[in-house]
Amino acid sequence: MEPQHLSFSVPGTAVAVAHARHQVVAGICGWGLPVGSGVVEAVALVTSELLTNAVQHAGDGPISVAARLKDDTVRVEVSDSCPTLPTPGLSDEGDERGRGLFIVAALAVRHAVETTESGKRCWAEIPV
């Protein structure tokens, strides 16, 4: 597959999560990724989880979103201005939060968090 790339910024709001997820899905579908194969759905879910973490923990600042297709892998990156690195936590059965990083780990072949000059970048790679 040809390398592809998309990137954009969104405000640090809950509404932006859904908008960004739809924008990423539209972009990767435009690259010819097969809908219904599980790849598009996995990318959508990973995008939502990484963005939700950024919105919840990084405040109102702008959040950058990028998706890249290279060598049969889609890499989703979410960058924000908060230098605090996320850590997975254990959730109780009734908790509505605290499982996002576990979901990302389950869907991705690789994932990590990196510090940047302006905060941090969380990324995950999903095989096509």
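Along the sequence shown, residues are numbered consecutively beginning with 1. All heavy atoms count here, side chains included; hydrogens, waters and symmetry mates do not.
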Not counting sequence neighbours, which residues clear side chain to side chain donor-acceptor pair (under 3.5 Å) with [X]? List them please.
{"X": "Gln23", "result": "His19"}
{"X": "Glu114", "result": "Arg121, Trp123"}
{"X": "His22", "result": "none"}
{"X": "Arg21", "result": "Ser48"}

Could you give the distance from [atom1] ([X]) to [atom2] ([Y]), rounded to the nearest 0.5 Å?
{"X": "Glu125", "Y": "Glu77", "atom1": "CD", "atom2": "CD", "result": "8.5 Å"}
{"X": "Leu33", "Y": "Ile126", "atom1": "CG", "atom2": "CD1", "result": "10.5 Å"}
{"X": "Leu51", "Y": "Asp80", "atom1": "CG", "atom2": "CG", "result": "9.5 Å"}
{"X": "Leu101", "Y": "Asn53", "atom1": "CG", "atom2": "CG", "result": "5.0 Å"}

Taking the side chain as C-beta and beyond, is there a heavy-atom pair between Leu50 and Val104 under 4.5 Å? yes
Which donor-acceptor pairs under 3.5 Å do the side chains of residues 4-14 make with protein atoms, sequence neighbours left out?
| residue | atom | partner | partner atom | Å |
| --- | --- | --- | --- | --- |
| His5 | ND1 | Arg68 | NE | 3.4 |
| Thr13 | OG1 | Ala16 | N | 3.3 |

Name all residues meeting the side-chain contact (heavy atoms from CB on, under 4.5 Å) criterion together with Leu45; count only those two or more places apart in sequence or in a different chain, and write none if there are none.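 Here the qualifying residues are Glu49, Ile103, Leu107.
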Take Val43 and Val25 through the side chain to side chain contact (heavy atoms under 4.5 Å, CB included) test and state the conclusion after the steps. CA-CA 7 Å; Val43 169; Val25 167; 5.7 Å; no
